[in-house]
Amino acid sequence: MLLRGSITTPLQSSPRHTNLKQRNVTVSSQPNLSYPLSISDETLSSRGFILRRTTENLNLEALNKVFVAVGFPRRDPEKIRIALENTDALVWVEERKTQNAVAFARATGDGVFNAIIWDVVVDPSFQGIGLGKAVVERLIEDLVGRGILNIALYSEPRVIGFYRPLGFVADPDGIRGMVYSRKPKRK
């Protein structure tokens, strides 16, 4: 199925993620975090935001605009759709008035031991009001609730301080991350 613009129904689960749809819809009433949520679902709602945990109603073009607004390169919407199909958990905040995503984060992993958080973005017009914290806290809550305790993320150096209060540390126990990078050979 080729989608253009927005996803209007939940993504089909791939064989690798046969229960993805069910897991993303389930919301724990008991937070699994060692600290309370910084902003409640009710407060978000009273401020005109809707918290989402599935891709239903996620407009990929609008999400792409947020990616670009925070400095990510523009992405092919079909590739975004495929990335979302291979996502284990996601949280996004929709502005009720425009029905567009204004904050977003997702995680991939093995479903048991490890997860990596990707694409944490907040529309610049909505930064500084707690939406980034809201999506990351809930994503962590979801992962920890499944017993996944090894959670990593990539961060720009300028925003590392944002993640520290959420429990992230740089180089725990002297562990250094590595990234595969192979430059094309020159002819």
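Quick caveat: nothing in here was measured; it's all calculated off a predicted structure.
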Using a 4.5 Å cut-off on heavy atoms from C-beta on, say whether the side chain of [Y] contacts that of [X].
{"X": "Val135", "Y": "Val93", "value": "yes"}
{"X": "Arg52", "Y": "Leu58", "value": "no"}
{"X": "Val122", "Y": "Val102", "value": "no"}
{"X": "Trp118", "Y": "Leu90", "value": "no"}
{"X": "Leu37", "Y": "Lys133", "value": "no"}

Counting N and O atoms only, with roles assigned by atom type, does the side chain of Asp123 sit under 3.5 Å from a partner on the main chain of Ser125, one being a donor and the other an acceptor? yes
Any donor-acceptor pair under 3.5 Å from Glu137 side chain to Ser38 backbone: yes
Give, for atom CG of Leu51 and atom CG of Leu44, the distance between the pair rounded to the nearest 0.5 Å. 6.0 Å
Can you list the residues that meet the side-chain contact (heavy atoms from CB on, under 4.5 Å) rule with Asn114, with sequence neighbours excluded? Asp110, Asn150
For Thr43, give me all partners under side-chain contact (heavy atoms from CB on, under 4.5 Å), at least two apart in sequence or on another chain. Ile39, Ser40, Ser46, Arg47
Are Glu95 and Thr98 close enough that a side-chain donor and a side-chain acceptor fall under 3.5 Å? yes
Suppose the criterion is side-chain hydrogen bond (donor to acceptor under 3.5 Å, both in side chains): which pairs have a residue in residues 151-160, not counting sequence neighbours? none
Side chain to side chain donor-acceptor pair (under 3.5 Å) involving Arg164 - partner list, sequence neighbours excluded: none
Quick test of your reading: applying ring-ring contact (aromatic ring centres under 6.0 Å, His included), list the pairs with at least one residue in residues 83-106, sequence neighbours left out, ordered by first then second residue. none
Please enumerate all residues that pass ring-ring contact (aromatic ring centres under 6.0 Å, His included) together with Phe72, with sequence neighbours excluded. Phe67
Taking the basic N atoms (NZ, or NE/NH1/NH2) and the acidic carboxylate oxygens, is any pair closer than 4.0 Å for Asp41 and Arg138? yes
Is any NZ, NE, NH1 or NH2 atom of the basic residue among Arg81 and Asp76 found under 4.0 Å from an Asp or Glu carboxylate oxygen of the other? no
Have a look at Asp88 and tell me which of Asp142, Thr108, Ile116, Leu139 forms a side chain to side chain contact (heavy atoms under 4.5 Å, CB included) with it. Thr108
